S.K.: 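What follows is a single structure, and I will ask about it in a moment.
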Amino acid sequence: MKNFYLEIKHVCKQSGARYGILHTPHGSVETPIFMPVGTLATVKYLSPEELKDMNAGIILSNTYHLWLRPGEEVVYQAGGLHKFMNYDGPILTDSGGFQVFSLSANRKISEEGVMFRNHLNGDKMFLTPEKSIQIQNKLGADIIMSFDECPPYPVSHEYMKNSVERTLRWAKRGKEAHQRSENQALFGIVQGGDFEDLRKMSAQALVEMDFPGYSIGGTSIGEPKDVMYRMIDYSIKYLPFDKPRYLMGVGSYDAIVEGVLRGVDMFDCVLPTRIARHGALMTSKGRLNIRDKKNEFDFTSIDNECDCYTCKNYTKAYLRHLYKCDEGFGKRLLSIHNLRFLIRLTEQIREAIKQDRFLDFKNEFFEKMGLNDVNARGF
RNA sequence: GGAGGGGUAGCGAAGUGGCCAAACGCGGUUGACUGUAAAUCAAUUCUCUCUGAGUACGGCGGUUCGAAUCCGUCCUCCUCCA
């Protein structure tokens with residue numbers, strides 16, 4: 001499609017990491033990019049204006065959730081997701097595939113699709129690759145996802161092989177059902193867990209089908225970090241250079257840096273917003289739990305290196321107070337900070353790539369964050 | 001003045017002879033959270049020289065092998081009647 005493509009502007013001579021511009025029907029964004037998640041057509045607690053202010057480029061929404069409420073027909077008649085939620089930047093929708101994993105207690109997977117009971121009232125629902133694409137066509141995001149199975153980690157080679165093969169057939173079916181390929185970019189999703197041969201098979205088969213972009217799925221579901229990085233390597237080596245690569249569900253700052261090093265262009269994650277609502281913050285000195293008593297009389301900002309609205313205007317003592325009183329404004333301020341932290345991180349990453357010093361940047365960053373052990377939990 | 005009902009850990013509130021350092025909720029302290037079933041979940045919350053010991057269920061004194069639980073007495077709070 002003409003109005004969707006990745007323009008690779010620079011490859012870091014030091015690291016091989018890439019800087020680019022992703023063109024979409026709703027504007028262009030720089031990559032590598034971190035995309036905030038707004039499952040129910042809203043990034044929880046934040047307005048579109050606030051997202052713009054923090055330089056958020058693409059935001060996510062979710063097929064499964066919008067299918068249940070308010071229903072894709074409502075969004076369609078509203079004029080599509082952009083109009084419905086008043087966000088004129090690029091939007092990406094996930095296919096509902098991840099819910100097959102996260103709601104796994106109530107589901108049954110077959111060749112045709114997935115039978116499951118929804119989380120709202122237990123109604124039986126049946127989602128297929130075609131149905132997922134049809135819903136996403138109606139929602140109208142700029143980037144949409146194939147309907148995949150995201151098997152848990154770990155799982156046997158046999159199970160994973162069957163799953164990957166089925167997910168490939170689902171990708172093909174979804175691609176054939178896609179009615180709006182001129183203005184919605186459908187991504188294929190590489191699966192295969194920690195098995196190199198299956199990642200290879202998955203990636204090569206998807207490339208054969210020729211998608212405008214490729215996602216790497218099945219990561220950040222409980223596996224150790226070094227395994228996650230291996231999964232990325234196993235996948236990316238078989239993906240075309242000129243197409244965007246999207247690492248799904250990854251949003252810890254160390255994994256973003258490691259992902260970029262391996263050639264990832266796009267990241268999304270609920271982590272910054274969810275942990276913000278729970279009082280945990282990403283800072284240039286590592287993790288901070290705002291609830292802790294040590295912040296009671298601390299009248300400094302969360303992070304003196306941060307340029308976000310929250311850090312410019314509010315103290316830890318005040319934010320702790322709002323948190324302990326369960327005030328929505330506190331969740332909003334903390335969400336703004338964490339999102340801006342990751343977005344600013346990607347800005348720094350892009351700058352370092354352009355300057356051919358991304359490896360130096362990575363080493364300095366890990367040093368600063370105290371992340372010497374690859375599996376240490378920076379976040 | 002009379003009748004009745006209460007006083008349990010920071011607060012509320014169960015328990016009414018041994019399984020009670022005392023359920024449960026709130027509050028407090030801390031941890032977790034990765035394509036959002038998440039304003040959620042978990043741990044911890046009398047003291048200490050802590051796989052044990054010491055104090056503790058309004059105060060004091062009894063009964064009993066054993067009391068937050070039974071008896072006496074005092075203090076105190078609430079409701080109703082005068």
Side-chain angles (χ1 to χ4, degrees), chain A residues 34-45 58-66 68-69 92-107 116-123 125 132 136 141 143-151 153 187 189-191 214-225 228 231 246-256 258-259 264 266-282 287-296 320 322-335 338 342 377-379:
Chain A
F34 175 78
M35 310 179 287
V37 179
T39 304
L40 282 160
T42 171
V43 177
K44 293 184 192 299
Y45 288 91
I58 305 174
I59 61 173
L60 256 75
S61 210
N62 186 281
T63 301
Y64 166 78
H65 296 273
L66 294 179
L68 294 189
R69 288 187 305 195
L92 181 157
T93 46
D94 185 27
S95 63
F98 188 73
Q99 279 63 46
V100 174
F101 163 75
S102 66
L103 303 170
S104 64
N106 306 310
R107 62 113 164 87
F116 60 94
R117 293 186 177 276
N118 78 42
H119 68 283
L120 297 176
N121 61 11
D123 273 2
M125 323 265 309
S132 172
Q136 294 187 83
I143 306 168
I144 67 176
M145 291 299 124
S146 287
F147 185 63
D148 66 332
E149 183 195 352
C150 178
Y153 175 88
F187 280 29
I189 304 177
V190 180
Q191 290 287 352
Y214 300 91
S215 304
I216 298 165
T219 51
S220 59
I221 51 173
E223 79 282 9
K225 291 255 170 87
M228 184 206 292
M231 292 172 172
Y246 162 29
L247 180 58
M248 308 184 82
V250 169
S252 63
Y253 39 63
D254 47 334
I256 287 176
E258 294 281 2
V264 174
M266 306 160 68
F267 301 85
D268 83 283
C269 198
V270 304
L271 190 69
T273 43
R274 179 183 291 166
I275 66 175
R277 275 177 275 125
H278 299 164
L281 298 162
M282 300 176 177
R287 182 194 190 102
L288 171 71
N289 285 340
I290 197 68
R291 179 212 313 123
D292 290 2
K293 190 158 180 70
K294 64 184 179 195
N295 300 313
E296 187 176 16
R320 175 177 192 264
L322 292 183
Y323 180 83
K324 291 182 71 86
C325 296
D326 198 25
E327 284 291 337
F329 186 50
K331 298 177 199 307
R332 178 164 157 192
L333 291 172
L334 299 181
S335 296
N338 274 352
L342 288 186
R377 267 277 163 67
F379 252 109

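Quick caveat: nothing in here was measured; it's all calculated off a predicted structure.
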S.K.: Does A/Arg274 or A/Met145 map to a spot on RNA chain B nearer the 5' end, using the closest nucleotide for each?
M.R.: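 Result of the comparison: A/Met145.
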
S.K.: Checking base pairs now: Watson-Crick or wobble, both atom distances under 3.5 Å. What partners B/G1?
M.R.: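 When the pairing criteria are applied, B/C81 turns out to be the nucleotide that pairs with B/G1.
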
S.K.: Would the base of B/U36 count as contacting A/Thr273 through its side chain, where contact means a donor and an acceptor less than 3.5 Å apart?
M.R.: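 Pair found.
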
S.K.: With the side chain of A/Lys44 defined as its heavy atoms from C-beta on, choose the nearest nucleotide among B/U36, B/G31, B/U29.
M.R.: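 Side chain of A/Lys44 sits closest to B/U36.
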
S.K.: Taking only the P atom of each, what is the distance from B/A39 to B/A21 in whole angstrom?
M.R.: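 Pairwise P distance, B/A39 against B/A21, rounds to 39 Å.
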
S.K.: Could you identify the nucleotide paired to B/U8, looking across every strand shown and requiring Watson-Crick or G-U wobble geometry with both distances under 3.5 Å?
M.R.: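 Pairing partner, where one exists within any strand: B/G15.
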
S.K.: Could you measure between the two C1' atoms, the one in B/C70 and the one in B/G1, and give it in whole Å?
M.R.: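 That atom pair is separated by 31 Å.
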
S.K.: Does B/U29 have a Watson-Crick or wobble partner in any strand here, with both distances under 3.5 angstrom, and which is it?
M.R.: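 Across all strands, the one nucleotide that pairs with B/U29 is B/A43.
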
S.K.: May I ask you to say what A/Tyr45 touches in the nucleic acid, namely base, sugar-phosphate or nothing, with a heavy-atom cut-off under 4.0 Å?
M.R.: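 Result for A/Tyr45 = base.
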
S.K.: Assign A/Ala255 to base, sugar-phosphate, or nothing according to its heavy-atom contacts below 4.0 angstrom with the strands shown.
M.R.: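 No contact.
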
S.K.: For A/Gly279, which contact category applies under a 4.0 Å heavy-atom criterion: base, sugar-phosphate, or nothing?
M.R.: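 The answer is nothing, as A/Gly279 stays clear of every strand by at least 4.0 Å.
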
S.K.: Base, sugar-phosphate or nothing for A/Leu60? Non-hydrogen atoms, less than 4.0 Å.
M.R.: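 Sugar-phosphate contact only.
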
S.K.: Spell out yes or no: do the side chain of A/Asn289 and the base of B/G31 have one donor N/O and one acceptor N/O closer than 3.5 Å?
M.R.: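 No pair found.
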
S.K.: Is A/His65 stacked on the base of B/U36, with ring centres under 5.5 Å apart and planes under 30° apart?
M.R.: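 Whether judged by distance or by angle, A/His65 falls short somewhere, so it does not stack on the base of B/U36.
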
S.K.: Taking A/Ser215 for its side chain and A/Val190 for its backbone only, find out whether a donor-acceptor pair lies under 3.5 Å.
M.R.: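 No; zero donor-acceptor contacts below 3.5 Å.
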
S.K.: Would you mind telling me which residue lines up with the more 5' stretch of RNA chain B, A/His278 or A/Lys293, judged by nearest nucleotide?
M.R.: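 Checking each residue's closest nucleotide, the 5'-ward one belongs to A/Lys293.
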
S.K.: Between A/Arg277 (CZ) and B/C41 (P), how many Å, whole number?
M.R.: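 Result: 13 Å.
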
S.K.: Hunt down the Watson-Crick or G-U wobble partner of B/C60, both distances under 3.5 Å, from any strand shown, or write none.
M.R.: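 Base partner found: B/G72.
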
S.K.: Which nucleotide, B/A37, B/G35, B/U36, lies nearest any side-chain atom of A/Ser95?
M.R.: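 Of B/A37, B/G35, B/U36, B/G35 is nearest to the side chain of A/Ser95.
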
S.K.: On the side chain of A/Arg291, is there an atom forming a donor-acceptor pair with the base of B/G31 - under 3.5 Å, no angle test?
M.R.: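 By the distance-only test, yes, there is a pair.
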
S.K.: Between B/C50 and B/A67, how far apart are the two C1' atoms, rounded to whole Å?
M.R.: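 One C1' to the other, the span is 26 Å.
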
S.K.: Applying the Watson-Crick and G-U wobble criteria at under 3.5 Å, what pairs with B/A21? Answer none if nothing qualifies.
M.R.: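 No nucleotide pairs with B/A21.
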
S.K.: What's A/Asn118 touching, base or sugar-phosphate or nothing? Going by heavy atoms closer than 4.0 Å.
M.R.: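 No contact at all - A/Asn118 keeps every heavy atom at 4.0 Å or more from the nucleic acid.
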
S.K.: Using a heavy-atom cut-off of 4.0 Å across all strands, would you classify A/Gln191 as base, sugar-phosphate, or nothing?
M.R.: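 Result for A/Gln191 = base.
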
S.K.: Under 4.0 Å between any heavy atoms, over every strand shown, what does A/Asp326 touch: base, sugar-phosphate, or nothing? Just pick one.
M.R.: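 Here A/Asp326 touches the bases of the nucleic acid.
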
S.K.: For A/Arg320, answer base if it contacts any base atom (sugar-phosphate contacts may also be present), sugar-phosphate if it contacts only those atoms, and nothing otherwise; contact means non-hydrogen atoms under 4.0 Å.
M.R.: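 Touches sugar-phosphate only.
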
S.K.: Atom CG of A/Leu68 to atom C1' of B/U36: distance rounded to whole Å?
M.R.: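 Answer to the nearest Å: 13 Å.
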
S.K.: Can you figure out which of B/U34, B/A37, B/U30 approaches the side chain of A/Val270 most closely?
M.R.: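 Of all the options, the side chain of A/Val270 is nearest to B/U34.
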
S.K.: Does B/C50 have a Watson-Crick or wobble mate here (both distances under 3.5 Å), and if so which one?
M.R.: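 The answer is none; no pair meets the criterion.
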
S.K.: Rounded to whole angstrom, note down the P distance from B/G10 over to B/C78.
M.R.: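 Those two atoms are separated by 23 Å.
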
S.K.: Just to be sure I understand the rule, does A/Gln99 reach a base, reach only the sugar-phosphate, or reach nothing, if contact means heavy atoms closer than 4.0 Å?
M.R.: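 Result for A/Gln99 = sugar-phosphate.
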
S.K.: Can you check the distance between B/G7 and B/G12, where both ends of the measurement are the P atom (answer in whole Å)?
M.R.: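 These two P atoms come out 11 Å apart once rounded.
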
S.K.: How far, in whole Å, is B/A68 from B/C19 if one measures between their P atoms?
M.R.: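 So the two P atoms sit 9 Å from each other.
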
S.K.: If you measure from OH on A/Tyr323 to CD1 on A/Ile290, what distance do you get to the nearest 0.5 Å?
M.R.: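 The distance works out to 10.5 Å.
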
S.K.: About how many Å separate CZ of A/Arg320 and CG of A/Leu334, when rounded to the nearest 0.5 Å?
M.R.: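 That separation rounds to 13.0 Å.
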
